[in-house]
Amino acid sequence: MDLSKRTVLIVGGTSGIGRELARRFAAAGSTVVVGGRNRKTLAELAGENFGTVGVDITDSASVASARDAVLAEYPELDTVVTMPGIMLLEDLRDPAHFEAARTTIDTNLTGTIRVIDAFTPHLIRRGAGTFVTVTSGIAFLPFPPMPTYAASKAAVHAYSEALRAQLDGTGVGVVELVPPAVAVAGQEKVNPHALPLDGFATEVMQLLSEEPTPHEILVKQVLMHRWAERDGTYDELVAQRAQALAMLPGRQG
Ligand SMILES: NC(=O)c1ccc[n+]([C@@H]2O[C@H](COP(=O)([O-])OP(=O)(O)OC[C@H]3O[C@@H](n4cnc5c(N)ncnc54)[C@H](OP(=O)(O)O)[C@@H]3O)[C@@H](O)[C@H]2O)c1
C-alpha cells in the first residue's frame, strides 16, 4: 500500500507499537487519527498535530460515538488499525483466573470485533480501504503463562481470515500484523530478546509498503513462531516456553 496518502485511524495508538506506527504513518505523509482512553496522552498527541479520539473498545456506545466523531471530521478515512491488546498472566490451577480471561477476551477479541463492525459499512461504502488487525507470534505458538491472551490472538487471526474472505470483492482488504516480542515501555527488562521498537516499526512499514500488501505482516523475528507447526518445531518450543510457568506467583517457592 502507498503509505504516503492514507487517512488512518489507529485505535490503541496512545502507547507502544500503536504510537510508533502513528508517527511512522504521519512521517510517510498520511493523515493519522489516534484513539485510546488516556486523555492526557491524547492531548499530547493533539499537540503534535495528530487527530485524536477518546474511545474504550470494551464499550459499544463509546466505539459508536468515536466512529461518528472520526467520520464527521475525516470522511476520507480509509485505514483502521485495531491495536488494543492486554496481556495478563493466568494460573489455570486457580479458578480466580477467570476474571483475567474475561477481561482479555473482551478487549482483545470482542473489542476488535466492535471496532471492525463500527467501520465496516463506511469502508464498504467507500469501495476501498484496509483493516489492520493485530495478533501476535503467541497466536501461533502459545506462551503457557498467558493462556487466554494466546487464545484471544489465535481467535483474532481466524477472525481476520474470515473477514478477508467475507469482504472479498468490496475493495476492503484485511492485513494482520503479527508482532513478536517488541520492547515497549521497559519490556526489554522483562524480555531481553524483545525486538527494539524502532527496528520493528521500520520493518513493519517496509512490509506494509509492498504491492500487493501482504495478508500477514511478518517481521523476520516472528517467522519461527508463525511457522513452528509447519516446521515441526512446535512441541519442542511450547515445552521450552512452558518453563516460564515458574514466573506465576502461585508456582514459586
Ligand atoms: N509489545 C509486544 O511485545 C507485543 C507482541 C505481540 C503482540 N503485541 C500486540 O500489539 C498490540 C500493542 O501492544 P503494545 O505492547 O504496544 O501495548 P501497549 O503499549 O500496552 O498499548 C496498548 C494500546 O491499547 C490501548 N488500549 C488498551 N485497552 C483499551 C481499551 N479498552 N480501549 C481503547 N484502547 C485500549 C491503550 O491505550 P489507552 O490506555 O489510552 O486506552 C494503548 O494505546 C497489542 O494488541 C498487543 O497484544 C504486542
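Along the sequence shown, residues carry numbers from 1. As the structure lists them, so they are numbered: ligands from 1, and atoms in each ligand from 1.
- Legend: residues meeting ring pair (Phe, Tyr, Trp, His ring centres under 6.0 Å) with H157, ordered by chain and number and at least two apart, are F140.
- Judged by the shortest distance from any of its heavy atoms, E20 lies outside the 4.0 Å radius around the atoms of ligand 1.
- Ligand 1 has M83 within reach: a non-hydrogen atom of the residue lies less than 4.0 Å from it.
- Note on ligand 1: G137 sits outside its first shell, no heavy atom being nearer than 4.0 Å.
- Ligand 1 has G13 within reach: a non-hydrogen atom of the residue lies less than 4.0 Å from it.
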If you look only at distance, which donor and acceptor atoms sit under 3.5 Å apart when one is on a side chain in residues 9-18 and the other is two or more places apart or in another chain?
none

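- The shortest separation from a heavy atom of A185 to ligand 1 is not under 4.0 Å, leaving the residue out of contact.
- Under a 4.0 angstrom heavy-atom cut-off, T135 registers as being in contact with ligand 1.
- The shortest N or O to N or O distance between V182 and ligand 1 is below 3.5 Å.
- Contact between T41 and ligand 1 is absent, with no heavy atom of the residue lying under 4.0 Å from the ligand.
- Polar contact check, I17 against ligand 1: a nitrogen or oxygen pair lies under 3.5 Å apart.
- Of the inter-residue distances, the one linking F98 atom CZ with E90 atom CD reads 10.0 Å to the nearest 0.5 angstrom.
- The shortest side-chain heavy-atom distance between L237 and M224 falls under the 4.5 Å cut-off.
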